[in-house]
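Structure record follows, encoded as structure tokens.
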Amino acid sequence: MSKSSPPPSFNIHKLRELQIRLDRDKDLGKFWNFYMDRFIDHPEFLDFGAPVDHPFLKEVIPLITQKLFKKDPQNMLLIKIPEYEFIHGSFTVENEIGGVIYFEKKRKGVAAISDPNRTGQVQYSRFTGHPVDNN
């Protein structure tokens with residue numbers, strides 16, 4: 001007899017709402033809290049997608065951390081959920097954690113980084129773009 005698994009405590013389809021809020025929300029702190037509350041705070045969310053190497057994000061995240069803190073990111077992990085063209089991930093700046101989300105189709109994302117200067121504040125950066133093929 002097979003056990004059916006309990007329904008997830010979040011709805012993966014809320015990614016569409018997150019994408020709409022990316023364009024609409026002016027307060028990136030509230031936007032990021034929406035993401036954390038509806039996705040990252042649910043362990044089942046991490047079961048979706050797989051690790052990915054994404055050249056654009058590996059290029060833009062260091063630009064953001066250098067601009068904000070004059071430091072490079074470490075331990076970058078990016079996860080892609082292909083059916084939503086959505087990438088989320090984490091990285092560290094010194095001993096502080098950072099996170100990133102990116103919608104490939106819209107070519108828009110947000111990075112959130114705890115201030116490594118121990119102020120307790122979180123810095124946010126909205127970004128747009130995609131890699132340019134130099135070939």
Side-chain angles (χ1 to χ4, degrees):
M1 182 170 154
S2 69
K3 275 177 119 178
S4 64
S5 60
S9 60
F10 77 101
N11 183 341
I12 191 71
H13 301 292
K14 289 264 185 197
L15 282 174
R16 286 189 174 79
E17 184 177 349
L18 184 68
Q19 186 174 3
I20 291 167
R21 291 181 70 128
L22 179 61
D23 289 330
R24 185 189 70 205
D25 289 3
K26 302 291 184 230
D27 183 336
L28 291 180
K30 286 183 181 179
F31 170 83
W32 195 259
N33 285 336
F34 175 87
Y35 168 65
M36 295 296 289
D37 291 345
R38 287 173 182 75
F39 298 99
I40 294 302
D41 287 347
H42 299 275
E44 334 56 282
F45 175 65
L46 301 176
D47 292 339
F48 288 93
V52 67
D53 182 44
H54 198 276
F56 171 66
L57 292 176
K58 285 189 168 185
E59 183 179 320
V60 77
I61 292 169
L63 292 174
I64 292 169
T65 62
Q66 278 293 327
K67 179 80 170 166
L68 293 175
F69 307 114
K70 302 201 180 343
K71 296 176 184 355
D72 287 325
Q74 304 295 318
N75 309 312
M76 195 178 311
L77 173 64
L78 301 171
I79 305 290
K80 182 174 181 175
I81 303 174
E83 52 272 23
Y84 291 88
E85 298 181 84
F86 176 74
I87 296 171
H88 65 97
S90 64
F91 54 92
T92 57
V93 178
E94 293 194 337
N95 292 325
E96 298 297 321
I97 189 108
V100 64
I101 64 166
Y102 181 68
F103 287 95
E104 290 182 300
K105 190 172 185 176
K106 292 187 82 69
R107 298 182 176 140
K108 290 184 178 182
V110 171
I113 309 151
S114 297
D115 190 337
N117 298 319
R118 310 275 189 247
T119 65
Q121 295 186 347
V122 176
Q123 300 289 324
Y124 300 97
S125 179
R126 189 184 321 246
F127 59 91
T128 304
H130 58 93
V132 175
D133 186 357
N134 292 328
N135 295 331

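Hydrogens, waters and symmetry mates play no part in the numbers below; they use all other heavy atoms, side chains included. Predicted model, so just to flag it, every value in this text is computed and none were measured.
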Distance from [X] atom [atom1] to [Y] atom [atom2], nearest 0.5 Å?
| X | Y | atom1 | atom2 | answer |
| --- | --- | --- | --- | --- |
| Ile113 | Gln121 | CD1 | CD | 13.5 Å |
| Met76 | Asp53 | CE | CG | 10.0 Å |
| Tyr124 | Leu68 | OH | CG | 12.0 Å |
| Arg107 | Glu85 | CZ | CD | 10.0 Å |
| Ile79 | Ile101 | CD1 | CD1 | 14.5 Å |

* Asked: Would you call the rings of Phe127 and Phe56 parallel, tilted or perpendicular, where under 30° means parallel and over 60° means perpendicular?
  ->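 It falls in the tilted class, 30° to 60°.
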* To do: For Ser125, check side chain to side chain contact (heavy atoms under 4.5 Å, CB included) against everything at least two apart and list the hits.
  => Ile64
* Could I get the full list of side chain to side chain contact (heavy atoms under 4.5 Å, CB included) partners for Leu63, not counting sequence neighbours? => none
* Sequence-distant partners of Phe91, ring pair (Phe, Tyr, Trp, His ring centres under 6.0 Å), two or more places apart ->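 If we apply the ring pair (Phe, Tyr, Trp, His ring centres under 6.0 Å) test to Phe91, skipping adjacent residues, there are no hits.
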* ring pair (Phe, Tyr, Trp, His ring centres under 6.0 Å) partners of Phe31, counting only residues at least two apart ->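 Result, ring pair (Phe, Tyr, Trp, His ring centres under 6.0 Å) vs Phe31: none returned.
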* Could you walk me through whether Gln123 and Phe69 pass the side-chain contact (heavy atoms from CB on, under 4.5 Å) test, one step at a time? => CA-CA 10 Å; Gln123 300 289 324; Phe69 307 114; 3.5 Å; yes
* **Expected output: side-chain His42 to main-chain Met36 donor-acceptor under 3.5 Å** =>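 No, His42 side chain to Met36 backbone: no donor-acceptor pair under 3.5 Å.
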Contact between [X] and [Y] at the side-chain level, heavy atoms closer than 4.5 Å - yes or no?
| X | Y | result |
| --- | --- | --- |
| Val100 | Leu78 | yes |
| Lys71 | Thr65 | no |
| Trp32 | Ile40 | no |

Provide the closest heavy-atom pair for [X] versus [Y] in the form atom of the first, atom of the second, distance.
| X | Y | result |
| --- | --- | --- |
| Phe103 | Tyr84 | CD2-O, 4.4 Å |
| Pro62 | Pro73 | CA-CD, 3.6 Å |
| Pro51 | Leu77 | CB-CD1, 4.5 Å |

Can you give me every donor-acceptor pair (side chain of residues 16-23, partner residue at least two apart or in another chain, under 3.5 Å) with its distance?
unit_1 : atom_1 : unit_2 : atom_2 : d
Glu17  : OE1    : Lys14  : NZ     : 3.4
Arg21  : NE     : Asp25  : OD2    : 2.9
Arg21  : NH2    : Asp25  : OD2    : 3.0
Asp23  : OD1    : Lys108 : NZ     : 2.7
Asp23  : OD2    : Lys106 : NZ     : 2.7

* Asked: What residues, two or more places apart in sequence or in another chain, satisfy side-chain hydrogen bond (donor to acceptor under 3.5 Å, both in side chains) together with Gln66?
  ->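 With sequence neighbours excluded, Gln66 shows a side-chain hydrogen bond (donor to acceptor under 3.5 Å, both in side chains) to Asp72, given in chain and number order.
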* When the ring centroid of Phe39 is compared with that of His88, is the distance short of 6.0 Å? ->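 Aromatic pair excluded; centres sit 6.0 Å or further apart.
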* Group every Ile, Leu, Val, Met, Phe, Trp and Tyr by side-chain heavy-atom contacts under 4.5 Å, then state whether Ile61 and Val52 land in the same group. =>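 Yes, same cluster.
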